[in-house]
*Asks:* 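Before we start, here is the structure in question, set down as structure tokens.
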Amino acid sequence: MLELVFALQARSRELNDPSKNTSRIRPGLARPAAPAGDASPLFRAEAVRAAREPLHGRVAIVMPPSTVFAAGLCLLSLALLALAAFVVEVPQRAPAVGVLMPPGGFLKIVALEPGQVIDLRVSERELVAAGQPLVTLGSDRNAVDRAPLSASQIRSLENELGLQRIAARERQRIQASRMAAVDDEVANADVRLGIVAMELEIQTAQSRLLRSRYDRLARLASEGNVSSVQRDDAELQLLQAQAAAAVLRRQVARIGQEREQLLRARTGLADESGLQQIDSAIAGERLLRQVAALEAVVNRHLQAPREAVVARIGVRPGQVVQAGQTLMMLHKKDAQLEAWLYLSSTNAGSLQAGQAVELRLDAYPHQMFGTQRATVASISGLALLPSELDVPLALGGPVFEVRATLERQYVRARGKDWPLIAGTSFRADVVQQRYRLYEWLLRLRRDPAESSPADSVKAADA
């Protein structure tokens, strides 16, 4: 450009210089002759010079070396773009929303009748046992006003029940002490009976010896070999031994009777102890029924139907609830969470089991915690209405339910594993199909029967 400007300037100076203004006639042009008697030419000299020479003179076009390099770079770029059009794939993604759920869903604890929440017995993420109280509900508004009086009556009955149990235990202790004393007496009677029986056995043996001696002396006395006095002394000793044996037999009988009486007394004490236990149990059950009746007037305890984990508590103490309102939700212990996704009918057409899903959990921002991978496990056979779904999501219109298996049950960030929580909502992208770059640019399908043109447009827009 500068060369062209310099050439124009030089040509202009040459035209304006009279010394260099030679009469060169362009071929094919004849200079007209000046008429005689008139000194002025027909055309001005500037017009003649402009007709003789081109306005801009000769222009030289020069190509710098950098232009060759730039042209080669453009050709290489075009070749790479052409290769990328056949190699690079563009995924078709379907947007979805969902929630992390246990396989069996949540077990809801609902209010059976209108009332007011009196007390919450558990907290979220707590493991509860079967039959454990979860929440206490007042049966009606008036019950709340009567709660202090009824509560004092319940405490009084519970104190009475405690005292009754203490008295029952004391009576049982006394009965046990009495039975132990009777057992000792029976043991003493057994000892005395044994001693007397031994003495009776000795006395009986002695009586047999005295009988034998008396019989021998009586035979000798009849023969005149001994005196009758010796025979009488032997008889006297025999009678005395027999009398002592009779006394011992009476003692054995008396001790035996005493032992039988003690055994009967022991049996009576045991029966009395059993009756006292039954009476105490009856009185305790009566008091428990009174306590239960008062509690039924004031409040109602809702219990856990089985061992589970408290996933969410939807009420607070003092809140008024309606019949059928969900108070809290439970799920099974150690349940592996699943991703339940919900897609519209326009996005669920080409879904298949095994497709990859990227989850962006609302509770764990993906900018910090990344995304969670999952794999499609099952797809509902027909669209479901929002009223047919039992999930904590606001959905509009019919949707297909897709269940996906999570790659892991935690989120790893900052060198720590953060466990996933049931009920966590998320947004997801489901990769339905992949296109070559040229197919995506031209809005083409590899298999037109798989999906509609509307899906192709949406995939291109994505």
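No hydrogens, no waters, no symmetry mates; every other heavy atom, side chains included, goes into these values. Note that this is a predicted model, so its numbers are computed, not measured. Along the sequence shown, residues carry numbers from 1.
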*Asks:* Any donor-acceptor pair under 3.5 Å linking the side chain of E285 with the backbone of I282?
*Replies:* no
*Asks:* Main chain of V321, side chain of Q116: is a donor-acceptor contact present, judged purely on distance under 3.5 Å?
*Replies:* no
*Asks:* Would you check if I202 and L248 make a side-chain contact, meaning some heavy-atom pair closer than 4.5 Å?
*Replies:* no
*Asks:* Classify the side-chain pair R171/S280 by whether it contains a donor and acceptor separated by less than 3.5 Å.
*Replies:* yes
*Asks:* So, S222 side chain and R219 main chain: donor-acceptor pair closer than 3.5 Å or not?
*Replies:* yes
*Asks:* Keeping S177 on the side-chain end and R173 on the backbone end, is there a donor-acceptor pair under 3.5 Å?
*Replies:* no
*Asks:* If we ignore hydrogens and angles and just use 3.5 Å, is the side chain of E401 paired with the main-chain N or O of L341 as donor and acceptor?
*Replies:* no
*Asks:* Minimum heavy-atom separation for L330 and A308, please, with both atom names.
*Replies:* CB-CB, 3.9 Å
*Asks:* Look at R231 together with D233 and state whether they make a salt bridge at an N to O cut-off of under 4.0 Å.
*Replies:* no
*Asks:* What verdict does the side-chain contact (heavy atoms from CB on, under 4.5 Å) test give for I421 and Y364, after you've listed the backbone C-alpha separation in whole Å, the side-chain angles of each residue and the deciding distance to 0.1 Å?
*Replies:* CA-CA 11 Å; I421 303 173; Y364 303 95; 4.2 Å; yes
*Asks:* Taking only Lys NZ, Arg NE, NH1 and NH2, and the carboxylate oxygens of Asp or Glu, determine whether E258 and R254 approach each other closer than 4.0 Å.
*Replies:* yes
*Asks:* Any chance you could measure L120, atom CG, to R316, atom CZ, to the nearest 0.5 Å?
*Replies:* 10.5 Å
*Asks:* With no hydrogens and no angle check, do the side chains of Q242 and S207 hold a donor and an acceptor under 3.5 Å apart?
*Replies:* no
*Asks:* If we ignore hydrogens and angles and just use 3.5 Å, is the side chain of Q372 paired with the main-chain N or O of R408 as donor and acceptor?
*Replies:* yes
*Asks:* A side-chain contact here means heavy atoms from C-beta on lying under 4.5 Å apart; do L236 and D232 qualify?
*Replies:* no
*Asks:* To the nearest 0.5 Å, tell me how far L361 CG sits from R427 CZ.
*Replies:* 12.5 Å
*Asks:* Between the side chain of S77 and the main-chain N/O of L73, is any donor-acceptor distance below 3.5 Å?
*Replies:* yes
*Asks:* Taking the side chain as every heavy atom from C-beta outward, state whether L134 and R121 have any pair of such atoms under 4.5 Å apart.
*Replies:* no
*Asks:* Whether E124 and R312 form a salt bridge (side-chain N of Lys/Arg under 4.0 Å from carboxylate O of Asp/Glu) is what I want to check.
*Replies:* no
*Asks:* Passes side-chain contact (heavy atoms from CB on, under 4.5 Å), V310 versus R125? Steps please.
*Replies:* CA-CA 5 Å; V310 180; R125 302 189 187 181; over 6 Å; no
*Asks:* Distance to the ring centre below 6.0 angstrom and angle to the axis at most 45 degrees; does that hold for R211 and Y214?
*Replies:* no
*Asks:* Check the pair L343, V399 against side-chain contact (heavy atoms from CB on, under 4.5 Å), reporting the backbone distance first and the verdict last.
*Replies:* CA-CA 5 Å; L343 292 84; V399 292; over 6 Å; no
*Asks:* Quick check on side chain to side chain donor-acceptor pair (under 3.5 Å): which of Q172, R178, Q175 does S273 satisfy it with?
*Replies:* Q172
*Asks:* Passes side-chain contact (heavy atoms from CB on, under 4.5 Å), M328 versus V315? Steps please.
*Replies:* CA-CA 7 Å; M328 61 181 62; V315 294; 5.7 Å; no
*Asks:* Might you point out which heavy atoms bring A241 and L210 nearest each other, and give the distance in Å?
*Replies:* CB-CD1, 3.3 Å
*Asks:* Heavy-atom distance under 4.5 Å between the side chains of Y342 and F400, does that happen here?
*Replies:* no
*Asks:* Indicate yes or no: at least one non-hydrogen side-chain atom of L107 is less than 4.5 angstrom from one of M329.
*Replies:* no
*Asks:* Could you tell me which non-hydrogen atom of V309 sits nearest to which non-hydrogen atom of K333, and how far apart they are?
*Replies:* CG2-CA, 4.1 Å
*Asks:* Take K332 and E307, measure what salt bridge (Lys or Arg N to Asp or Glu O under 4.0 Å) needs, and give me the verdict at the end.
*Replies:* CA-CA 7 Å; K332 292 182 179 180; E307 184 181 22; over 6 Å; no
*Asks:* Grab the two heavy atoms, one from L262 and one from V186, that are nearest each other, plus how far apart they are.
*Replies:* CB-CG2, 3.2 Å
*Asks:* Test your reading of the model: is there a side-chain donor-acceptor pair from E126 to the backbone of S123, 3.5 Å cut-off?
*Replies:* yes
